[in-house]
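I have placed the structure first, in the form of structure tokens, so that the comments after it can refer back to it.
In this text the structure is predicted, and so the values were computed from the model without any measurement. Quick note on labels: first sequence line is chain A, next is B, and so on, each numbered from 1.
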Amino acid sequence: MKLTLRVWRQQNADADGAMSTYEVDGISADMSFLEMLDTLNEELILGGEDPVAFDHDCREGICGACSLVINGDAHGPERTTTCQLHMRAFRDGDTIDVEPWRAAAFPVVKDLVVDRSAFDRIIQAGGYISAPTGAAPEAHATPVPKPDADFAFEHAECIGCGACVAACPNGSAMLFTSAKVNHLNVLPQGAPERETRVLDMVGQMDAEGFGGCTLTGECATACPKGIPLPSIAAMNKEWLRATRKAKKVGR
Amino acid sequence: MALATRTDRKPSLTRTVWDSTVGKKAVMAVSGLIMLTYLAVHMFGNLKIFFGAGDFNGYAHWLRTVGEPFLHYEWALWIIRVVLVAAVVAHAVSAYQLSRRDIRARPSQYVHRRPRASYATRTMRWGGVILGLFIVWHVLDLTTGTVHPGGFQSGHPYQNVIDTFSTWYGNTIYIVAMLALGLHVQHGFWSAAQTLGAGSAARDRILKTLANVLALVLTLGFISVPVAVMTGVVS
Ligand code: HEM
Ligand code: SF4
Ligand code: FES
């Protein structure tokens, strides 16, 4: 396959960026999107140019590092991560636009790499449980109803990639935050911090400069892990419940 | 000596709600639902116009005497007006503040653009502004009579309604605003359910259907009045 790529190039956080056009040839339909970019970078390096910077790590769809907006879609045209997107999703001769996640809370570091540490701070604000240290407790000591376990697991699938923020016209992190809150709030292990968790994580989310939710549903469409839109309603319910109980939990 | 284990003072409930995007959105949802309830009652009340001047004017008079003798003349109406003004202000202020925040959170657009979300979803902000302007015109036209075409007669709403809908601009403003209302309610009702935590995967279909029915019934109900005047069914 022969492709025309239009890639966002930006020297550093303070520089102005722009789209640059590159031609790549000899792309196999079995290559992943990142392998296609590797091919481009090899050519750039051989030509003495600066390679395109992009984030990646596991390349098997589980770490959440890869993050590209491809033809206007976060993670491209298929419901998967960029690293698991294969070139067979495109046709010979296509022109492909590649851009970084765009949100005020995700500043561009270089080219296609953005700083997603705002997500880490949301997790630090409440994405944990209090557990005694020592030997692992007996797994059957705390029974969890099957529907709750399924609900928790569905939300634990979030890999923190930030596609939801990138897709949202308001740069909102509600889907990510709801995945993290719902995952722990439904479980007995998460019960001691049930109220403070949702209040603190939503508070941190707001403090980071993410936008609010207008229920456009773009986030759930983009999410490679299928975190569903009603997760946001579930978190709103937790938040409203927590404000009512705020006195009791010492807030 | 006892240790001061808690020295920080936590913000009040009102502050927590108003300062949070989730809380402010809840204010928007509740004020929106208050307006929506009023509009449903208002629409059914308007349909009395099809039973003639006597019925319609009598209904308007009853609105002023309802609650008597416990309430004084027009008190019930004034209580509703105060609640509605509070709802409109709370709704518009939170919509404005949240919209500002949303725009700041996504300062640069993607070079590669594609259409996003449904029409009703994308037009919430401008649709809301249209509704706000419409409310001002509507009150000046049929409540105070300030911009009413022809002589405004207090206590004779039947004639006033016919006067307004006998002008081309009265009909145009009204019908455009009611179409905007339908779109706003279609996304707004479902949104409010999500914001207040009533949404779930199992309930999504029924909530969306309810939003569509509500939007359609309100819009058609309101528009039936100018159409009836235009076609001479009501004169
Ligand atoms: C006339 C009666 C009105 C009704 C019944 C109404 C109802 C609603 C409801 C129920 C919501 C959903 C809240 C939520 O998502 O939780 C909403 C959202 C909204 N309303 Fe209104 N509203 C009205 C007038 C207005 C006015 C005058 C404005 C403008 C100042 C406005 C602007 C908005 C905006 C910007 C949203 C957010 C939309 C979004 O979710 O993206 N509305 N409205
Ligand atoms: S909710 Fe989905 S899109 Fe958002 S960070 Fe988690 S996995 Fe990525
Ligand atoms: S590189 Fe790990 S999810 Fe794509």
Side-chain angles (χ1 to χ4, degrees), chain A residues 6 8 17-19 69-73 96-100 102-105 108 165-174 177 198-199 202-203 205-206 208-218 221 228-244 246-247 250-251, chain B residues 5-6 8-17 19-26 28-30 94-95 97-118 120-122 124-125 187-188 190-204 207:
Chain A
R6 299 201 305 154
W8 183 262
M19 299 294 270
V69 171
I70 301 159
N71 286 341
D73 290 318
I96 307 174
D97 289 336
V98 191
E99 300 174 70
R102 293 229 179 268
V108 173
V165 176
C168 178
N170 309 321
S172 171
M174 287 285 276
T177 310
V198 61
L199 292 175
V202 168
M205 176 188 89
D206 285 346
E208 295 291 347
F210 290 105
C213 179
T214 54
L215 280 313
T216 65
E218 293 289 343
T221 308
L229 192 59
S231 302
I232 291 178
M235 177 173 75
N236 288 334
K237 192 173 173 182
E238 284 295 306
W239 192 90
L240 291 170
R241 177 186 170 280
T243 52
R244 274 182 272 120
K247 275 261 152 49
R251 304 271 300 192
Chain B
T5 50
R6 270 236 101 116
D8 52 338
R9 280 202 52 206
K10 293 291 176 183
S12 68
L13 180 63
T14 328
R15 265 260 85 82
T16 309
V17 169
D19 285 351
S20 161
T21 51
V22 175
K24 203 167 281 186
K25 187 88 187 188
M28 220 160 129
V30 170
S94 36
Q97 293 187 352
L98 284 173
S99 300
R100 282 277 312 265
R101 188 191 165 92
D102 294 347
I103 293 164
R104 249 181 294 138
R106 170 58 97 65
S108 43
Q109 298 301 316
Y110 290 106
V111 174
H112 188 111
R113 296 193 187 202
R114 58 174 187 79
R116 281 171 191 278
S118 73
T121 311
R122 280 183 283 128
M124 285 306 273
R125 288 174 193 155
H187 182 69
W190 176 80
S191 283
Q194 310 303 313
T195 303
L196 298 177
S200 72
R203 246 178 270 149
D204 205 49
L207 283 172

Answer yes or no: is there a side-chain heavy-atom contact under 4.5 Å between [X] and [Y]?
| X | Y | value |
| --- | --- | --- |
| Asp73(A) | Tyr110(B) | no |
| Cys213(A) | Thr21(B) | no |
| Ile232(A) | Gln194(B) | no |
| Asn236(A) | Lys25(B) | no |
| Asn170(A) | Arg106(B) | no |
| Leu196(B) | Lys237(A) | no |

What is the minimum heavy-atom distance between [X] and [Y], and which atoms define it?
| X | Y | value |
| --- | --- | --- |
| Gly199(B) | Ala233(A) | O-CB, 3.5 Å |
| Trp239(A) | Val17(B) | CH2-CA, 3.8 Å |
| Ala105(B) | Gly209(A) | CB-O, 3.4 Å |
| Ala103(A) | Pro107(B) | C-CD, 4.4 Å |

Heavy-atom pairs under 4.5 Å with chain B, option from Asp97(A), Thr221(A), Asp206(A) with the top count: Asp206(A)
Taking Gly171(A), Pro228(A), Ala167(A), Ala234(A) one by one, which has the highest count of heavy-atom pairs under 4.5 Å against chain B? Ala167(A)
Taking it one step at a time, do Gln109(B) and Arg102(A) satisfy side-chain contact (heavy atoms from CB on, under 4.5 Å)? CA-CA 7 Å; Gln109(B) 298 301 316; Arg102(A) 293 229 179 268; over 6 Å; no
Rounded distance (nearest 0.5 Å) linking atom CZ of Phe210(A) with atom CZ of Arg104(B): 14.5 Å
What's the spacing between Met124(B) CE and Thr216(A) OG1 if we round to 0.5 Å? 12.0 Å
Given that the side chain runs from C-beta out, which part of Ser200(B) has a heavy atom under 4.5 Å from chain A: side chain, backbone, both or neither? backbone
Side chain / backbone / both / neither for Arg122(B) at chain A, heavy atoms under 4.5 Å: neither
[X] versus chain B, the contacting section by heavy-atom distance below 4.5 Å:
| X | value |
| --- | --- |
| Leu229(A) | side chain |
| Arg6(A) | side chain |
| Ser172(A) | neither |
| Met205(A) | both |

Among Thr195(B), Leu98(B), Asp102(B), find the one that has a side chain to side chain contact (heavy atoms under 4.5 Å, CB included) with Thr214(A). Asp102(B)
